[in-house]
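Data block below; observations after.
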Amino acid sequence: MALSAERVRLKDGSEVDVRAIDPTDADALTEGLESLSPESRYRRFFAPKRSFSGRELEYLTAVDHHEHEALVAIEPDGRRGIGVARFIKDPADPASAEVAITVSDDWQGRGVGGMLLHRLAVRAVEEGVCHFTATVLETNDAIQELLRSVGPIRRRHLGGGVAELCVDLSVGDPCPAVLRGALQAAARGDLTPA
Ligand SMILES: CC(C)(COP(=O)(O)OP(=O)(O)OC[C@H]1O[C@@H](n2cnc3c(N)ncnc32)[C@H](O)[C@@H]1OP(=O)(O)O)[C@@H](O)C(=O)NCCC(=O)NCCS
């Protein structure tokens with residue numbers, strides 16, 4: 001049975017439903033990947049990925065909502081999946097989690113990504129996460145701007161046009177030491193803006 005959804009109005013006035021992912025979303029995830037443009041697909045997976053295996057679908061949808069959380073945005077009428085944002089904690093450092101987010105091409109630029117990411121950041125802080133990491137193409141301005149909207153970013157160049165971003169989460173109060181540290185670093189001018 002699907003978890004309860006929140007109806008959200010976007011900045012362009014359209015409405016979407018948001019809820020935590022569950023195993024019933026496997027088909028929507030498959031259809032979402034199949035309908036993604038080659039450019040969006042490459043930006044998300046760094047490869048022309050066309051399908052998920054059964055094992056991947058289980059891993060991506062049957063999450064424990066603590067170490068691994070994912071939120072989906074769904075069209076209220078068509079029930080079509082339009083976006084998914086997830087974090088997976090680093091087993092070696094549970095205060096750190098890798099974040100990934102994808103929005104269907106026809107919904108991009110309408111506020112879905114920002115809405116999902118802010119809700120995911122709140123969930124992450126509730127689960128003790130202090131920073132998100134993300135490996136992104138350096139040309140992917142959209143994700144860099146989006147991540148900057150949830151907290152200050154540090155960027156490490158990995159080469160080959162790829163960067164690792166580290167975002168200090170500035171929502172809630174569960175990691176005040178990190179936030180204090182980031183603010184002090186910013187005040188000293190030590191924080192390297194991405
Ligand atoms: C990155 C992505 C998730 C953004 O989602 P979105 O729904 O289009 O983003 P939003 O409409 O919520 O935009 C939020 C903010 O991001 C920034 N942004 C969005 N698109 C942008 C673009 N093309 N260029 C620069 N900044 C952009 C803006 O700051 C925007 O805020 P604003 O609308 O107030 O200016 C979406 O483009 C996507 O799915 N891309 C393909 C997959 C991908 O790149 N994933 C990231 C790797 S994990």
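Just follow the structure's listing: the first ligand is 1, and inside any ligand the first atom is 1. As the structure is a prediction and not an experimental result, all values here were calculated from the model.
Using a cut-off of 4.0 Å between Lys/Arg side-chain N and Asp/Glu carboxylate O, E98 and K89 are scored as not salt-bridged. Of the charged side-chain nitrogens involved, at least one lies within less than 4.0 Å of a carboxylate oxygen, so that E126 and R123 count as a salt-bridged pair. Salt-bridge annotation for E39 and R44: absent, with no side-chain N of the basic residue lying under 4.0 Å from a carboxylate O of the acidic one. Between D25 and R19 there is a salt bridge, since at least one side-chain N of the basic residue sits less than 4.0 Å from a carboxylate O of the acidic one.
At the shortest separation from atom 47 (C) of ligand 1 among protein heavy atoms lies R43 O, 3.7 Å. Looking from atom 27 (C) of ligand 1 to the surrounding protein, the closest heavy atom is A142 CA, 3.5 Å. Closest to atom 2 (C) of ligand 1, if we only count protein heavy atoms, is L146 CD2, 4.3 Å. In this structure, the protein non-hydrogen atom closest to atom 45 (N) of ligand 1 is I101 O, 2.8 Å. Of the protein's non-hydrogen atoms, V103 N, 2.7 Å is the one closest to atom 39 (O) of ligand 1. Considering only non-hydrogen protein atoms, atom 38 (C) of ligand 1 sits nearest to Q108 NE2, 3.5 Å.
The ligand atoms of ligand 1 that sit less than 4.0 angstrom from a heavy atom of T102 are 39 (O). Those atoms of ligand 1 with a heavy atom of E145 less than 4.0 angstrom away are 17 (C), 26 (N), 29 (O). Listed by atom number, the atoms of ligand 1 under 4.0 Å from G109 heavy atoms are 6 (P), 7 (O), 8 (O), 11 (O). Which parts of ligand 1 touch R110 is read off a 4.0 Å heavy-atom cut-off, strictly below it: atoms 11 (O). In summary, the atoms of ligand 1 found under 4.0 Å from a heavy atom of S40, numbered by their order in the structure, are 41 (C), 42 (C). The N140 neighbourhood of ligand 1 comprises atoms 43 (C), 44 (O), 46 (C), with distances under 4.0 Å to a heavy atom of that residue.
Each of H68, E127, E67 was evaluated against F87; a single residue qualifies, E127, per the side chain to side chain contact (heavy atoms under 4.5 Å, CB included) test.
Looking at G111 next to ligand 1, an N or O pair under 3.5 Å apart turns up. Between K11 and ligand 1, an N or O atom pair is found at a separation short of 3.5 Å. Inclusion of I143 in the set of residues having an N or O under 3.5 Å from an N or O of ligand 1 is not warranted.
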Task: Check against salt bridge (Lys or Arg N to Asp or Glu O under 4.0 Å), E34 and R41 - done: CA-CA 9 Å; E34 285 172 356; R41 198 180 298 240; over 6 Å; no

- [ ] Applying side chain to side chain contact (heavy atoms under 4.5 Å, CB included), run through R156 and L165 and close with a yes or a no.
- [x] CA-CA 6 Å; R156 193 160 64 95; L165 307 181; over 6 Å; no

Task: Step-by-step salt bridge (Lys or Arg N to Asp or Glu O under 4.0 Å) determination, R148 to E145 - done: CA-CA 5 Å; R148 210 190 308 273; E145 285 303 314; 3.2 Å; yes

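Using modelled atom types, one finds no donor on one side chain facing an acceptor on the other under 3.5 Å when comparing E56 with S51.
Between the choices S37, S149, G114, the shortest heavy-atom distance to atom 12 (O) of ligand 1 belongs to G114.
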Donor-acceptor contacts, no H, no angles, side chain residues 132-142, under 3.5 Å, sequence neighbours left out:
from: E138; atom 1: OE2; to: H157; atom 2: ND1; distance (Å): 2.3
from: N140; atom 1: OD1; to: R43; atom 2: NH1; distance (Å): 3.3
from: N140; atom 1: OD1; to: I143; atom 2: N; distance (Å): 3.3

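F46 and I88 fall into different hydrophobic clusters, where Ile, Leu, Val, Met, Phe, Trp and Tyr residues are linked whenever their side-chain heavy atoms come under 4.5 Å apart, directly or through other members.
By the criterion of a heavy-atom distance under 4.0 Å, neither the backbone nor the side chain of V136 is placed next to ligand 1.
Within 4.0 Å of atom 14 (C) of ligand 1, at least one protein heavy atom is present. Distance screen at 4.0 Å: atom 7 (O) of ligand 1 has a protein heavy-atom neighbour inside the cut-off.
The backbone N or O of D106 lies less than 3.5 Å from a partner atom in the side chain of R110, making a donor-acceptor pair.
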